[in-house]
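Notes for the one structure printed next.
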Amino acid sequence: MKLAEMKITEFLDLLASDAPAPGGGSVSALAGAQGIALSLMVANLTFGRERYAGFVPVCEETVEKGTTLRNDFIESIDKDTEAFNEVSAAYQMPKDTDAQKQARRASIGAATLHATEVPFASMQLCAEALAVTKKLVGNSNPNVSSDLGVAALNLKSALLGSWLNVKINLPSVKDAEKKAYFATEGAAIVAKSSAIADEIYETVLASFEK
């Protein structure tokens, strides 16, 4: 059964067990899915109210982009665990002969690269989701503005959690060009998108103090 198809309690039981996966990468993807789902909820609770008619274009854009992002995050929950399992399987390959050692090294390299690409892709999803969420601030039903703050917190958690999963794999990435790309672009995404998440949260928080 796919992780994303489990009951919440089943997923948490597996997560709390001694199984090495799912782990932080899958949890980060789940946090991302929760974050953008909250943004979708805010958009949907804005529709159909005459006083918020001016917010409809932003909310329609949110639903269009957010639905795709939500689905992508859900897929990433399983992709991360599958990538981890590929790395584990590669390390378990036989290494008795030179040919076996060479095949094992190649498999480990390919699997590690994939295990880096998956959380990096989740980081990119977080960046897109935060950009979508930011547009809703001040352009949606204010009665559910706190949910936008929680959305931002979930998306920032997803972002930083995915970044940790990129970082832990970087030392084992053999392609120097790709390694440098992940390191440079990943740091840039973290800086820019963390600032957006913080801005959303602080703006929502400040709105309650007026």
Could you report the tightest heavy-atom contact between [X] and [Y], atom names first, then the distance?
X: Ala129; Y: Ile36; result: CB-CD1, 3.9 Å
X: Ala197; Y: Ala152; result: O-CB, 3.7 Å
X: Leu155; Y: Gly32; result: CD2-O, 3.6 Å
X: Gly35; Y: Ala151; result: O-CB, 3.3 Å

Selection residues 65-103 - residue pairs positive for ring pair (Phe, Tyr, Trp, His ring centres under 6.0 Å), sequence neighbours left out: none
Could you name each residue pair satisfying side chain to side chain donor-acceptor pair (under 3.5 Å) that touches [range], not counting sequence neighbours?
range: residues 29-41; value: Gln34-Asn154, Ser39-Thr133
range: residues 63-84; value: Ser26-Thr81, Glu61-Lys65
range: residues 107-120; value: Glu86-His114

Please output the side-chain donor-acceptor pairs of residues 188-196 that fall under 3.5 Å, not counting sequence neighbours, one pair per line with the distance.
unit_1, atom_1, unit_2, atom_2, d
Ser193, OG, Ile189, O, 3.3
Ser194, OG, Val190, O, 2.7

Considering residues at least two apart in sequence or located in another chain, which fulfil the side chain to side chain contact (heavy atoms under 4.5 Å, CB included) criterion with [X]?
X: Thr97; result: Ala99, Gln100
X: Tyr201; result: Leu153, Leu205
X: Glu199; result: Lys134, Thr203
X: Met6; result: Met1, Leu3, Glu10, Phe11, Leu14

Tell me whether the count of non-hydrogen atoms from other residues, nucleotides or ligands lying under 6.0 Å of CD in Gln102 goes above 12. no
State plainly whether one hydrophobic cluster holds both [X] and [Y], where clusters connect Ile, Leu, Val, Met, Phe, Trp and Tyr through side-chain heavy atoms under 4.5 angstrom apart.
X: Leu125; Y: Leu159; answer: no
X: Met41; Y: Leu130; answer: yes
X: Ile108; Y: Leu113; answer: no
X: Ile77; Y: Leu38; answer: no
X: Val150; Y: Leu45; answer: yes

Of the options Asn139, Val137, Val63, which is the one that meets Val58 in a side chain to side chain contact (heavy atoms under 4.5 Å, CB included)? Asn139
Please list, one pair per line, the donor and acceptor atoms closer than 3.5 Å that link side chains of residues 163-170 to other protein atoms, with sequence neighbours excluded.
unit_1, atom_1, unit_2, atom_2, d
Asn165, ND2, Gly161, O, 2.9
Asn169, ND2, Ala115, O, 3.3
Asn169, ND2, Asn165, O, 2.9

Besides Tyr52, the hydrophobic cluster formed by Ile, Leu, Val, Met, Phe, Trp and Tyr side chains linked at under 4.5 Å, directly or via other members, contains Phe55
Hey, could you give me the [atom1]/[atom2] distance between [X] and [Y], rounded to the nearest 0.5 Å?
X: Leu69; Y: Cys126; atom1: CG; atom2: SG; result: 9.5 Å
X: Leu30; Y: Ser157; atom1: CG; atom2: OG; result: 10.0 Å
X: Thr46; Y: Asn143; atom1: OG1; atom2: CG; result: 9.5 Å

Side-chain donor-acceptor pairs of residues 172-179 under 3.5 Å, sequence neighbours excluded:
unit_1, atom_1, unit_2, atom_2, d
Asp175, OD1, Glu177, N, 3.1
Asp175, OD1, Lys178, N, 3.0

Closer than 3.5 angstrom, by distance alone: can the side chain of Thr62 be matched with the main-chain N or O of Leu40 as a donor-acceptor pair? no
